[in-house]
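If you're wondering where the values come from, they're calculated on a predicted model, not measured in any experiment. A note on names: the letters A, B, ... follow the listed sequences, proteins ahead of strands, and every chain is numbered from 1.
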Number of protein chains: 2
Amino acid sequence: MTPTSSPVPLPLADAPRVRADAARNRDAVLCAAVRLVGDLGADAVTMDRVAAEACVGKGTIFRRFGSRAGLMAAVLDGSETGFQERVISGPPPLGPGADPLERLLAFGPERLRQNLLHGALLEAAAAPHGRSLAAYSFGVLHVRYLLAEIGVAGDLPLLASALLAPLEVPVVRAQVEVQGLPVERLSAAWTDLARRVVRPGAPRGGPAPA
Amino acid sequence: MTPTSSPVPLPLADAPRVRADAARNRDAVLCAAVRLVGDLGADAVTMDRVAAEACVGKGTIFRRFGSRAGLMAAVLDGSETGFQERVISGPPPLGPGADPLERLLAFGPERLRQNLLHGALLEAAAAPHGRSLAAYSFGVLHVRYLLAEIGVAGDLPLLASALLAPLEVPVVRAQVEVQGLPVERLSAAWTDLARRVVRPGAPRGGPAPA
DNA sequence: GGAGAAACGGACTATGGTCCGGGAATGGAT
DNA sequence: ATCCATTCCCGGACCATAGTCCGTTTCTCC
């Protein structure tokens, strides 16, 4: 797929040469982890199990992925990348081509669905305490861009973060799984929220801080 | 059962009589936990340490508090109760007596401060995955009430939850401790958010502007 | 004082994460 | 091509900690 004209995939400046066995093991571990997560669900997967499945020592996993969260983040990477691609270059209204407001109103429910779909995995991939940083910061960046495009004034980074916060996995999980609210209702409430935030009227909002 | 007219303070219908030693141990454990959390911080406190400090077996702690999170919730209880009292019956603008909007705008920053102050403890008190249910549902209830009082129309429970979500400990911790944003800026952004949400203009939402 | 129920406590298990001695891959020298 | 020195990696024993289990102890009520 990648149009690299070189035999080895992009040595990338002075990338410290990766030993062949290391790469092989990394792949084996990731592969085993993906399979196990698919079969048993993220929170039933233990590191020892992954190690055994990949025929690899436990230490190897931790050296390559740092922690359980790191491994889960790697497992998650595929679908998360797909999501980001759909946002960046997919068809409207999620992708470019639609009005920024439309794109925003499409983004929330889509992110919500994504969060519910991969809930366990996303939580497992969250750093010790906090959300999965990569996924989160992409969302903030995108929403912030859309808000600017729409012409919203104010502290855009924090406004974007505030719009994303109600979609966080623990929040929506509690609402859906504990309170039993239907997903459509969450979606509707979120778009309502977004419209309220975006709605013109300049409530105050000083000039955006640097 | 029969309304037992016993001399002990409020047996509460048919409360199963609590054995004296059980109560004593419970107190000892809680006391030790409070002290240790105060001295070392919530995440340096292990169950074994608490057990040793309270001169009690580890099993006893788990029987009484269910889990580490349960114990931490009990430790947290004091300050959380204090916070709720200030909201329910304290002086304005947080307490009753001020306009609902003023109360709302006071509530957010106060909750924010509370969350930053007891961040570690609040996270430790959160159930396996999710927020501390008691604190959260109180906040939702209160904000929901204020929104109704202000005359906001729409899905109030979810709107309230959406207003509270950006104040969640993991979110604000990341913003303050990782990104280094000043607390005042978070406060300002939240009140801006609240004003936007409350601002009249009926974007759509449900009918019944009460 | 005795019977029965409840609680105690610490050994035990499960799991994430660390450490370090042994060993293989790599690149250069012969 | 072979061999050697270096470097990095491997793997599983080891540790810390949350949570469970069950024989023993202690309380309560009659």
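Atom CG in B:D48 sits about 16 Å away from atom P in C:dT13, given to the nearest Å. If you take CZ of B:R24 and C1' of D:dC27, they are 10 Å apart, rounded to a whole angstrom. Rounded to a whole Å, the CD1 atom of B:I61 is 16 Å from the P atom of C:dA7. Atom pair A:K58:NZ and D:dC15:C1' shows a separation of 10 Å (rounding to whole Å applied). For the pair B:R64 CZ and D:dG19 P, the computed distance is 17 Å after rounding to whole Å. One atom, CZ of B:F65, and another, C1' of D:dT20, lie 18 Å apart when rounded to the nearest Å. Rounded to whole Å, atom P of D:dC27 lies 7 Å from atom CZ of B:R19. Distance CZ (A:R49) to C1' (C:dG16): 17 Å, rounded to an integer number of Å.
Side-chain atoms of A:W190 come within 3.5 Å of backbone atoms of A:L163 as a donor-acceptor pair (strictly under, hydrogens ignored).
Closest to the side chain of B:F62, from the set D:dC27, C:dG17, D:dG19, is D:dG19. Comparing C:dC8, D:dG11, C:dG16 by their closest approach to the side chain of A:N25 singles out D:dG11. Distance from the side chain of B:V56 is smallest for C:dG9 among the nucleotides C:dG17, D:dT28, C:dG9. The side chain of A:R63 approaches D:dC10 more closely than any other nucleotide in the set D:dC10, C:dC8, D:dG19. Among the nucleotides D:dA18, D:dG11, C:dA7, the one closest to any side-chain atom of A:T60 is D:dG11.
Where A:R26 and B:T46 meet DNA chain D, the nucleotide closest to each residue was compared, and A:R26 sits on the side nearer the 5' end. With DNA chain D read from its 5' end, the first of the two nearest nucleotides for B:A20 and B:A69 is the one closest to B:A69.
A:E123 and A:R68 are not joined by a salt bridge, as no carboxylate oxygen comes within less than 4.0 angstrom of a charged side-chain nitrogen. A salt bridge is defined here as a Lys NZ or Arg NE, NH1 or NH2 lying under 4.0 Å from an Asp or Glu carboxylate O, and B:E184 with B:R113 fails to meet this definition. By the 4.0 Å N-to-carboxylate-O rule, B:E149 lies too far from B:R103 to be salt-bridged with it.
Looking at heavy atoms from C-beta onward, A:Q179 lies out of side-chain contact with B:S161 at the 4.5 angstrom threshold.
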